[in-house]
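Here the structure comes first, spelled out in structure tokens, and everything after it is commentary.
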There are 2 protein chains.
Amino acid sequence: MAKIDEVAKLAKVSKGTVSNVFSQKRPTSDEVKERVMTVSRQLNYVPNHIARSLATKKTMAIGLTIPHGSFFFSAFHTQFINGVILEASYYGYRVLLDMIPVQKVKTPFLSSYPIDGAVVMSPTTDDDRINLMHGEQIPFVTVGRVMNTNIHKSFSVDNDNHKIIESICKYLINKGHKDIMFLNANELMTVSIDRKAGFIKAMKDHQLDVEDHMIHHKPALNTSEYMDYGYAETIEILGNQKKKVTAIIADDDRTAFSVLNALKDLNLSVPEDVSLFVICGDLSMMVQSNPSLTSMDLQPSELGAQSVRLLMHQLGVLQGDFSENMIIESKIIERNSCLTIG
Amino acid sequence: MAKIDEVAKLAKVSKGTVSNVFSQKRPTSDEVKERVMTVSRQLNYVPNHIARSLATKKTMAIGLTIPHGSFFFSAFHTQFINGVILEASYYGYRVLLDMIPVQKVKTPFLSSYPIDGAVVMSPTTDDDRINLMHGEQIPFVTVGRVMNTNIHKSFSVDNDNHKIIESICKYLINKGHKDIMFLNANELMTVSIDRKAGFIKAMKDHQLDVEDHMIHHKPALNTSEYMDYGYAETIEILGNQKKKVTAIIADDDRTAFSVLNALKDLNLSVPEDVSLFVICGDLSMMVQSNPSLTSMDLQPSELGAQSVRLLMHQLGVLQGDFSENMIIESKIIERNSCLTIG
DNA sequence: TTGTAAGCGTTATCAA
DNA sequence: TTGATAACGCTTACAA
């Protein structure tokens, strides 16, 4: 790799000028610009990213912390990440993947974190990753509300989880459903807290009682129960306990898939016996299922893009006003898995 | 952020010594070590990663290039990435996500690539990303065979794709199947080429003809056909063309899901009417499907881990002998979706 | 518009 | 085992 000095010498300019040609931070004459570029191509020169970072104090990389463990992604994660990468690259930023364990303090760093900011997925209550970012003074935005006791101001993108679940409930209740089972996200996740509250409120608003068997939380990653989430609950509540359930809300496409299998095993059909509503499922899965699945579109890739934009604002890359906590619209996509009853 | 000089001054040692305490590259006395660490904690000091990179010429990061586009991951991708991240972090490396477009030359870099090496997923024939790595002299390992005309030596991890498909065919043929439909990966991917060859050979070996309708390739990402892959082919061949097909091999769990839906719509059941074999599916999906799905386990997370290890060898992090092209074992996991017929 | 030179915060080399 | 000092390759005032 050639370095800036060699280019400068060959192009008969100073290294400062070469620097300016590449960074475009100061104007250079066309003549010089061309001379420098020609020589650079000859020498196969590109500015050294690390040296530049050291001088500018910017790494041009952002961290993306993802749920830790032998995770697997739902459509939400995948599309979200896609949105992040696309938007980040638009601003010339790269994305560093992180797997700081959720709910477990990381051993102290051996060196500083080479990122300018971070996007934190799936925050939990008193999320250690967030405390870490906070302590290291790294700008960050979370996907979902922050619920760390010591952090009072934070930036986040989110759906209106409260409203989401309320409108789903309203949608189902309007179709005559009273006995709804809600398969919520993991208990620790902040979204699940809002959704639970929204569910309870919606039911209360319609004079419906919320019984224990109506709300479930996704088990932690890496537990054996995790794999069976949706299947086990459906079999247990509808099969063993023989509770009356006319509609099920699944927190993602994986869970929905499990519910579908359980219902099949129980010889129950969708939507005739049980209606199924999916929160943010993979499009092809929603459409191809038979019946196709009614779902709530959370616009994950838009969430990803906006989270990056919010971060860019904090980094000063993006100018102008912006709201610290951005809500992304979500909407019900009606397909054929929810039936009017009663 | 405190810097090394301040620590050195307060601990009454030279910065070189402070450096050595943190990097552990040269021995330091316990007394000094403790003094330095105490001061560092006081000042909240950690070595600056960028400055260290500049001096050592190592970024301690590896790139992970993933298929570009509005991609979504199959279980294979997810588990593979998991393996990569885990193994990389084991060696103190971070993972930079890349989305260099497949089959499309990237605009020239504005700066060097801040990675020490890269893992390239899903290589295609004459993959531009690989030419790029090659040109930039960045050590890399591919997941799957490299088929770039100008590159003769390369490092890769892979399953034995030829053998995989052969053993699947053999497995099905032994169960009496002659009319097998193979839903292959994308045509451009090197794995699909090997698998196609393996399929043809296996059939030939058993005196079975390979007709056109028996092999299909996954459409390119971001095409409308992509979403329907598996469904469309099943409907077309079994439904419209009424070809005799007693067994279907699906290239991943997504495709298998689509096939299942198509078969349901055709009123065909698995495995009574059609046997279904999945190459590398998500475990929960394989198990929960009814019937559970017989599949070939490609050990994706092991592939990910090994790809990192191979890279570490190239980077000199790992010593000793190693083979340039590593084959990961795969094995058939028999479940209930393949029936003996005839 | 361009050149000069002082950083940026480490590590590495060579003495001590 | 430790200290002094020159790299590492770039950016950025400040001067010209």
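Each chain gets a letter, A, B and so on, in the order the sequences are listed, and its residues count up from 1.
Atom CD1 of Ile4(A) is separated from atom C1' of dC8(D) by 13 Å (rounded to the nearest Å). Rounded to whole Å, atom C1' of dT2(D) lies 17 Å from atom CZ of Phe22(B). Atom C1' of nucleotide dG7(C) and atom CG of Leu54(A) are separated by 9 Å, given to the nearest angstrom. In this structure, Met60(A) places its CE atom 15 Å from C1' of dC10(D), rounding to the nearest Å. Atom CG in Asn20(A) sits about 14 Å away from atom P in dT4(C), given to the nearest Å. What separates CG of Asp5(A) from C1' of dC8(D) is a distance of 11 Å, to the nearest Å. With rounding to whole Å, His49(B) atom NE2 is found 11 Å from dT11(C) atom P. A straight line from NZ of Lys3(B) to C1' of dC8(C) spans 8 Å, rounded to a whole angstrom.
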Q.
Before you tell me yes or no, could you show the steps for Lys3(B) and Asp5(B) under salt bridge (charged side-chain N to carboxylate O under 4.0 Å, His left out), namely the whole-Å CA-CA distance, both residues' side-chain angles and the distance that decides it to 0.1 Å?
A. CA-CA 6 Å; Lys3(B) 21 192 181 183; Asp5(B) 307 71; over 6 Å; no
Q: Begin with the C-alpha distance, continue with both residues' side-chain angles, and end with the deciding distance and a verdict on side chain to side chain contact (heavy atoms under 4.5 Å, CB included) for Gln306(B) and Arg309(B).
A: CA-CA 5 Å; Gln306(B) 288 295 352; Arg309(B) 242 171 272 157; 3.0 Å; yes
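Of the possible polar contacts, none joining the Asn148(B) side chain to the Asn150(B) backbone as a donor-acceptor pair under 3.5 Å is found. Remark: side-chain polar atoms of Ser29(B) are paired, donor with acceptor, to backbone N or O of Val32(B) under 3.5 angstrom. Of the possible donor and acceptor atoms, one in the side chain of Gln299(A) sits under 3.5 Å from a partner among the backbone N and O of Glu329(A). Using modelled atom types, one side-chain atom of Asp116(A) and one backbone atom of Met60(A) make a donor-acceptor pair closer than 3.5 Å. Side-chain N or O atoms of Arg129(B) include one that pairs as donor or acceptor with a backbone N or O of Met121(B) at under 3.5 Å.
Between dT12(D) and Lys25(A), a contact under 4.0 Å exists linking OP1 or OP2 to a side-chain N or O. Between Ser23(A) and dT11(D), a side-chain N or O to OP1/OP2 separation shorter than 4.0 Å is absent. In this structure, Lys57(B) does not reach the dC8(D) phosphate: none of its side-chain N or O atoms is under 4.0 Å from OP1 or OP2.
Nearest-nucleotide mapping onto DNA chain C: of Gly16(B) and Asn48(B), the residue sitting toward the 5' end is Asn48(B). Place Pro27(B) and Thr56(A) on DNA chain D by their nearest nucleotides, and Pro27(B) ends up nearer the 5' end.
Using a 4.0 Å heavy-atom cutoff across all strands shown, Lys58(B) reaches no nucleic acid atom at all. At the heavy-atom level, Val18(A) lies nowhere under 4.0 Å from the strands shown.
Shown for residues 28-37 of chain A: residues whose heavy atoms fall under 4.0 angstrom of DNA chain C, namely Thr28(A), Ser29(A), Val32(A).
For Arg52(A), the listed nucleotide lying nearest its side chain is dT11(D); candidates were dG9(C), dT2(C), dT11(D). Minimum atom distance to the side chain of Thr17(B) is reached by dG3(D), of the listed dG3(D), dA12(C), dT11(D).
Taken to the nearest 0.5 Å, the OH atom of Tyr93(A) stands 7.0 Å off from the OG1 atom of Thr59(A).
Within 3.5 Å, no donor on the side chain of Lys15(A) pairs with an acceptor on the base of dT4(C), nor the reverse.
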